[in-house]
Undergrad: 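Would you mind keeping the following structure in view while I ask a few things?
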Amino acid sequence: MREALFIKQNTEKWKAYETNKPTDPDELAAAFIAITDDLAYSKTFFPQSNTTKYLNGLASTFHQDIYKNQKEKSNRFAAFWRYELPLLFFQHRRQLLYSLIFFAVFTCMGVLSAKYDNHFVRLILGDDYVNMTNDNIAKGDPFGVYKSSSSGLMFLQIAINNVYVELRFFVMGLFFSVGSLYASLMNGVMLGSFQYYFFSKGLGIQSILVIWIHGTLEMSSFIVAGGAGLVLGNSLLFPKTYTRLQSLKKGALEGLKITVGLIPIILLAAFFESFVTRHTEMPVWLSIIILASSLLFMIWYVILYPAKLNKNLNYINTDH
């Protein structure tokens with residue numbers, strides 16, 4: 001994007017920030033994030049221009065208002081999850097929606113394949129897992145796999161694996177988004193066949209109450225990571241007014257922020273799987289509370305809160 005076009009697209013917004021600086025802390029922080037994003041872009045492509053100097057000064061005034069009498073690092077760290085990450089969710093809501101739709105379709109494919117092909121579950125999950133689970137079902141403990149090792153070791157193994165899977169969802173988006181869809185296909189089909197297996201054994205409801213204690217956060221994070229992969233891939237496919245390289249840099253940075261921002265949720269899911277899921281004897285009401293809380297949190301943090309935050313940000317841009 002040429003500097004003149006960059007200025008033309010953002011001048012009114014900058015002047016609104018300058019003349020109508022918000023007093024509400026949340027609105028002030030949201031405006032500061034928007035300014036620093038523009039400043040980062042300007043520093044990258046117009047490092048010696050007056051535009052960069054102007055934005056640097058504007059950002060400095062907001063910085064002083066936000067961080068006075070506070071430690072910069074700790075507040076910037078918190079602001080990332082409180083403001084920057086939710087705004088990225090809203091900005092790329094279409095990619096997140098597409099990721100959800102594709103994942104749901106692939107999961108249904110796994111269910112149907114397992115239903116009409118008796119060998120499909122073994123093909124996807126492996127003979128060892130199916131045989132072990134059949135033995136556990138015969139012993140009256142169908143979810144005994146979650147008790148097979150110590151909680152601490154299990155947490156470490158699951159956390160490492162799930163972070164790897166999440167990063168794979170994102171990085172494979174580099175293959176023109178098709179890579180992320182492939183990762184979604186593999187995980188969706190596996191989930192569908194896995195879930196159908198327990199329903200075919202008459203353990204469907206029980207499996208939901210047990211497995212989705214951790215699965216709600218885990219699968220939701222993978223879906224969002226798939227959306228981050230689409231952000232990366234689409235930046236190559238659809239550069240818009242940017243050069244392809246500029247678009248790739250922007251998409252890679254924003255997709256990476258989304259991916260890194262999910263890590264705490266991934267770790268929480270691993271904690272649930274290692275320390276909570278193994279208690280298959282827990283009351284149904286407690287399981288439902290954990291499931292519902294996890295689902296409501298993801299809906300709120302990824303959909304509802306970002307929309308509200310964006311609405312507040314748009315309000316800042318008006319003459320109010």
Undergrad: Check whether the side chains of T280 and K147 place a donor and an acceptor atom closer than 3.5 Å, and report yes or no.
TA: yes
Undergrad: Please report, to 0.1 Å, the donor-acceptor pairs under 3.5 Å made by any side chain of residues 211-218, with sequence neighbours excluded.
TA:
{"residue": "W212", "atom": "NE1", "partner": "Q195", "partner atom": "OE1", "Å": "2.8"}
{"residue": "H214", "atom": "ND1", "partner": "I211", "partner atom": "O", "Å": "3.1"}
{"residue": "H214", "atom": "ND1", "partner": "T277", "partner atom": "OG1", "Å": "3.0"}
{"residue": "T216", "atom": "OG1", "partner": "W212", "partner atom": "O", "Å": "2.7"}
{"residue": "E218", "atom": "OE1", "partner": "N162", "partner atom": "ND2", "Å": "3.1"}

Undergrad: Could you list who else is in I160's hydrophobic cluster, with ILVMFWY side chains joined at under 4.5 Å, directly or through other members?
TA: L156
Undergrad: Are L295 and L96 connected, step by step, through hydrophobic side chains (Ile, Leu, Val, Met, Phe, Trp, Tyr) whose heavy atoms are closer than 4.5 Å?
TA: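 Per the 4.5 Å side-chain linkage, L295 and L96 are co-clustered.
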Undergrad: Could you please spell out the steps behind the side chain to side chain contact (heavy atoms under 4.5 Å, CB included) verdict for L112 and Y196?
TA: CA-CA 9 Å; L112 293 175; Y196 178 80; over 6 Å; no
Undergrad: Are L185 and F194 connected, step by step, through hydrophobic side chains (Ile, Leu, Val, Met, Phe, Trp, Tyr) whose heavy atoms are closer than 4.5 Å?
TA: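 Yes; tracing contacts between hydrophobic side chains, which count when under 4.5 Å, links both residues.
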Undergrad: According to the interplanar angle, ranging from 0 to 90°, do the rings of Y54 and W14 count as parallel (below 30°), tilted (30 to 60°) or perpendicular (above 60°)?
TA: tilted
Undergrad: Taking atom CD as the centre, does Q48 end up with more than 12 heavy-atom neighbours from other residues, nucleotides or ligands that are less than 6.0 angstrom away?
TA: no
Undergrad: V171, L256: one ILVMFWY side-chain cluster at the under-4.5 Å cut-off?
TA: yes
Undergrad: Using side-chain heavy atoms (C-beta onward) and a distance below 4.5 Å, is M154 in contact with R278?
TA: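 They are in contact (side-chain heavy atoms under 4.5 Å apart), so the answer is yes.
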Undergrad: Between S274 and I158, is any pair of side-chain heavy atoms under 4.5 Å apart?
TA: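 In contact.
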Undergrad: How long is the straight-line distance from CD1 of I289 back to CH2 of W285, given to the nearest 0.5 Å?
TA: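 Rounded to the nearest 0.5 Å, the CH2-CD1 separation comes out at 5.0 Å.
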Undergrad: Just to verify, what does D128 make a salt bridge (Lys or Arg N to Asp or Glu O under 4.0 Å) with, not counting sequence neighbours?
TA: none
Undergrad: Without hydrogens or angle criteria, can the side chains of N56 and K53 be said to hold a donor-acceptor pair below 3.5 Å?
TA: no
Undergrad: When you measure from the side chain of S177 to the backbone N and O of N234, does any donor-acceptor pair fall under 3.5 Å?
TA: yes
Undergrad: Angle between ring planes, F46 versus Y41, binned at 30° and 60°: parallel, tilted or perpendicular?
TA: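 Ring orientation of F46 relative to Y41: perpendicular.
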Undergrad: Salt-bridged, K15 to E18, with N to O below 4.0 Å?
TA: yes
Undergrad: Ring-plane angle category for Y305 and Y301, please: parallel below 30°, perpendicular beyond 60°, tilted otherwise.
TA: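 Rings of Y305 and Y301: parallel, under 30°.
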